[in-house]
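So the structure is just underneath, and the comments pick up after that.
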There are 2 protein chains.
Amino acid sequence: MGKRPTRDDVAREAGTSTAVVSYVINEGPRPVSEETKQKVLAAIHKTGYMPNGIAKSLANGSSDTYALLVTDMANPFLAQMAQALEHELFSRNKTLLVGDSNDDPARQLELLEAFQRQQVSGLVWYGVDQPLPLNAIDSYPGTVVLINQPAGSPAGQQAGRRIRVEVNEYAEAQMATEHLISHGYQHLAMISGPKERLNSRERIRGWKAALRQADMEAGALISAPYTRQGGYDAALQIGEETDAVFVSNELQAMGFLAGLAASGRRAPDDVAVVAMNRTPAASYLVPSLTAVQLPHAQMAKRIAEVLIGNIVDVEDGGNTVDTGSRHGAKPAGAGVRLEPGKNSDDLECIGVNHTLVIGHSCGCTGR
Amino acid sequence: MGKRPTRDDVAREAGTSTAVVSYVINEGPRPVSEETKQKVLAAIHKTGYMPNGIAKSLANGSSDTYALLVTDMANPFLAQMAQALEHELFSRNKTLLVGDSNDDPARQLELLEAFQRQQVSGLVWYGVDQPLPLNAIDSYPGTVVLINQPAGSPAGQQAGRRIRVEVNEYAEAQMATEHLISHGYQHLAMISGPKERLNSRERIRGWKAALRQADMEAGALISAPYTRQGGYDAALQIGEETDAVFVSNELQAMGFLAGLAASGRRAPDDVAVVAMNRTPAASYLVPSLTAVQLPHAQMAKRIAEVLIGNIVDVEDGGNTVDTGSRHGAKPAGAGVRLEPGKNSDDLECIGVNHTLVIGHSCGCTGR
DNA sequence: GTGAAAGCGCTAACAC
DNA sequence: GTGTTAGCGCTTTCAC
């Protein structure tokens with residue numbers, strides 16, 4: 001590893017002081033004459049100099065690195081978030097570190113520590129256990145963005161330097177369920193995530209709220225892991241009377257469709273299916289999956305702004321029903337309205353608008 | 001951001017010198033008496049001290065950070081690699097940076113530069129354009145692991161500090177094709193990636209080799225993007241005579257199955273399908289997809305060892321046909337043998353063994 | 001407009 | 001076994 005040129009080499013080459021080289025590179029904080037500037041630039045070019053980000057961070061007391069801490073990188077929904085976030089950070093000259101807790105709370109904390117040691121300037125946290133270890137978050141020396149914290153949770157109430165993204169899974173679930181109701185299905189079941197998780201409960205609440213509003217009774221509620229196999233197994237447990245199912249996670253929905261097929265049933269004829277946290281894969285399942293989608297690009301943008309401290313303004317907007325699949329579709333009800341709100345001075349909530357993207361699995365398109 | 005305690009604070013608290021604190025933390029390079037050690041540990045605990053990784057890296061001249069540079073993080077195959085690599089690095093106390101080139105060569109280079117500035121110690125590169133910009137790799141001041149470089153490519157031949165992982169996509173393609181042949185299908189088509197890519201060509205070579213060996217004629221060869229939509233569109237172009245298709249990428253295969261269904265055909269009855277670069281999603285497609293799988297965990301382990309310079313030994317082993325799906329299956333032919341080889345002293349090739357995982361899409365399980 | 005020099009927090013060679 | 005100290009490459013204050 002042949003020694004790379006340093007700022008000293010550039011200064012020597014340019015016949016200036018090292019300070020001037022910094023001024024040129026950073027365009028400040030002091031002015032430099034055009035002539036000197038050119039000499040420095042030439043020297044940089046000639047030596048092939050490239051600033052040492054590590055040294056820069058040490059001197060600055062802060063790094064250009066941010067981290068994403070998730071439960072499962074292989075989950076397409078989260079991989080998509082990672083991708084979107086990477087793009088936003090890249091365009092701001094920042095880099096993204098990833099941590100995969102593998103659904104393990106202990107590991108989650110170890111990753112937090114590792115990030116802290118690496119002087120990661122801020123992190124986006126899709127937590128495993130909920131409520132999250134608030135003390136760990138509070139003591140984190142940087143901005144923390146929480147993606148999946150329900151509004152009523154402690155993380156959403158306690159003040160701190162962290163910022164929560166209001167995904168409102170409650171409303172997502174409600175929207176999905178309302179769509180099924182609008183089709184006239186009578187016996188709505190739900191596949192939820194593990195019961196002990198706060199976000200599972202949020203989704204269940206949304207499902208129940210929609211049913212209540214329509215004055216309908218809740219059907220079977222099956223709790224399953226947020227995995228394909230979880231959905232597959234759940235499909236085998238769905239009773240004859242059930243004519244529509246709200247699946248609370250796309251991975252589960254994928255398995256659910258497979259399970260239905262394996263047991264000789266089909267969506268939407270035998271059982272209609274609507275899911276949430278959609279990814280582009282939904283359009284290519286057989287049948288294509290109707291699901292609620294989060295505006296991940298918009299979320300990533302907001303998150304990046306918040307992390308880096310270049311907050312612009314929170315755009316408002318209602319939730320909509322889209323015909324986003326390749327197939328024809330008839331729009332349907334469900335227009336929940338989310339409001340970007342602030343709970344306290346320290347805690348910014350970012351409103352996120354979700355959308356229902358129609359596929360074949362809900363029966364919208366005949367068969 | 002209240003100032004965090006530094007090593008100086010710990011030394012003061014423990015009543016020792018700063019050097020001793022380092023010795024304790026790093027368990028060397030000099031011995032420390034048990035008594036002093038305890039005092040230091042107590043001080044660390046009391047102050048809540050956490051080493052500053054940035055400063056450490058500066059002093060050491062190398063960081064604990066590695067990077068993964070891919071074309072598309074949302075591709076489940078690559079997300080899976082990212083996950084596996086993160087796990088391996090985490091267990092070695094290293095962190096993983098990700099870069100998503102979005103299939104853009106220019107961006108790929110920018111990411112390389114960013115990593116270089118950040119003093120990333122080594123990187124894993126799944127390149128966009130092939131052959132890769134060798135000069136950029138050669139000048140990279142760290143270990144570079146190339147994932148998708150065919151054996152015969154310049155990157156595989158030119159000496160350097162980089163190390164290539166021998167995925168042997170040629171053999172993967174061959175294995176998949178041979179499986180179709182063993183079923184007795186007569187008219188084999190192939191959906192390849194973009195023609196200008198080296199890895200597309202490798203896969204095509206494998207397909208042709210299998211056909212040649214069986215003394216069969218090549219059927220339609222359709223080139224499509226490595227996307228679901230690419231596979232979907234390709235399915236609509238497949239002629240009546242084709243009874244089996246080798247799809248060169250799992251995303252394409254997913255779209256292909258959807259396209260078949262949309263056009264009223266089904267796998268495997270109308271067209272059998274086998275793909276490569278499988279992920280767990282394959283088992284849950286309808287029908288479940290037969291595909292060649294890479295041992296990503298094993299690969300990640302080897303890559304991590306290589307990156308960090310803790311190389312153990314290259315385990316050998318043949319390729320096998322597995323019944324890895326949830327469904328019953330009859331094993332089938334195709335046993336290509338890969339050898340971990342060395343092209344030069346500087347270029348280590350890591351042999352990777354692939355496996356055919358049987359699903360329903362190839363017709364193995366009746367249907 | 002330019003340059004000398006004091007850190008940033010840590011490692012490790014070198015003295016004691 | 002322990003302490004002193006000279007860097008690592010950069011930023012930035014403060015003189016000139």
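The structure presented is a predicted model; accordingly, all values stated were derived computationally and were not measured. Letters A, B, ... are given to chains in the order of the sequence lines, protein chains preceding strands, and every chain is numbered from 1.
Here dG1(C) presents its C1' atom at 16 Å from CD of Gln38(A), a figure rounded to the nearest Å. In this entry the distance linking NZ of Lys37(A) with C1' of dG3(C) reads 19 Å, nearest Å. Regarding Tyr23(B), its OH atom lies at a distance of 11 Å from the P atom of dT4(D), rounded to whole Å. Spacing between atom CD of Gln118(B) and atom P of dC10(D) amounts to 13 Å, rounded to whole angstrom units. In this structure, CD of Gln116(B) is placed 15 Å from P of dG9(D), rounded to the nearest angstrom. Rounded to whole Å, the distance from CZ on Arg12(B) to C1' on dT2(D) is 18 Å.
A donor-acceptor contact under 3.5 angstrom links the side-chain atoms of Arg30(A) to the base of dT2(C).
Asp72(B) and Gln83(A) are linked by a side-chain donor-acceptor pair at a separation below 3.5 angstrom, with hydrogens and angles left out of the test.
A close approach under 4.0 Å does occur between a side-chain nitrogen or oxygen of Ser33(B) and OP1 or OP2 of dT2(D).
Checking Asn199(B), Val167(B), Leu78(B) one by one against Ile147(B), the side chain to side chain contact (heavy atoms under 4.5 Å, CB included) holds for a single residue, Val167(B).
With sequence neighbours excluded, the residues satisfying side-chain contact (heavy atoms from CB on, under 4.5 Å) with Ala136(A) are Leu109(A), Leu112(A), Pro133(A). Scanning for salt bridge (Lys or Arg N to Asp or Glu O under 4.0 Å) contacts around Lys39(B) gives an empty result, with sequence neighbours left out.
Counting only residues at least two apart or on different chains, the salt bridge (Lys or Arg N to Asp or Glu O under 4.0 Å) pairs with a member in residues 111-123 of chain B are Glu113(B)-Arg117(B). Residue pairs satisfying the salt bridge (Lys or Arg N to Asp or Glu O under 4.0 Å) criterion with at least one member in residues 20-35 of chain A, sequence neighbours excluded, are absent. The stretch residues 8-24 of chain B participates, sequence neighbours left out, in these salt bridge (Lys or Arg N to Asp or Glu O under 4.0 Å) pairs: Asp9(B)-Arg12(B), Glu13(B)-Lys46(B).
Each of dG3(C), dA5(C), dG1(C) was ranked by its minimum atom distance to the side chain of Thr18(A); first place goes to dA5(C).
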All N/O pairs under 3.5 Å across the protein-nucleotides 6-9 of chain C interface:
| from | atom 1 | to | atom 2 | distance (Å) |
| --- | --- | --- | --- | --- |
| dC8(C) | O2 | Ala59(A) | N | 3.3 |
| dG9(C) | OP1 | Lys3(B) | NZ | 3.0 |
| dG9(C) | N2 | Ala55(B) | O | 3.4 |

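At the heavy-atom level, Thr36(B) lies under 4.0 Å from the strands shown only through sugar-phosphate atoms. As judged by a 4.0 angstrom heavy-atom cut-off over every strand, Thr16(B) is placed among residues touching the sugar-phosphate backbone only.
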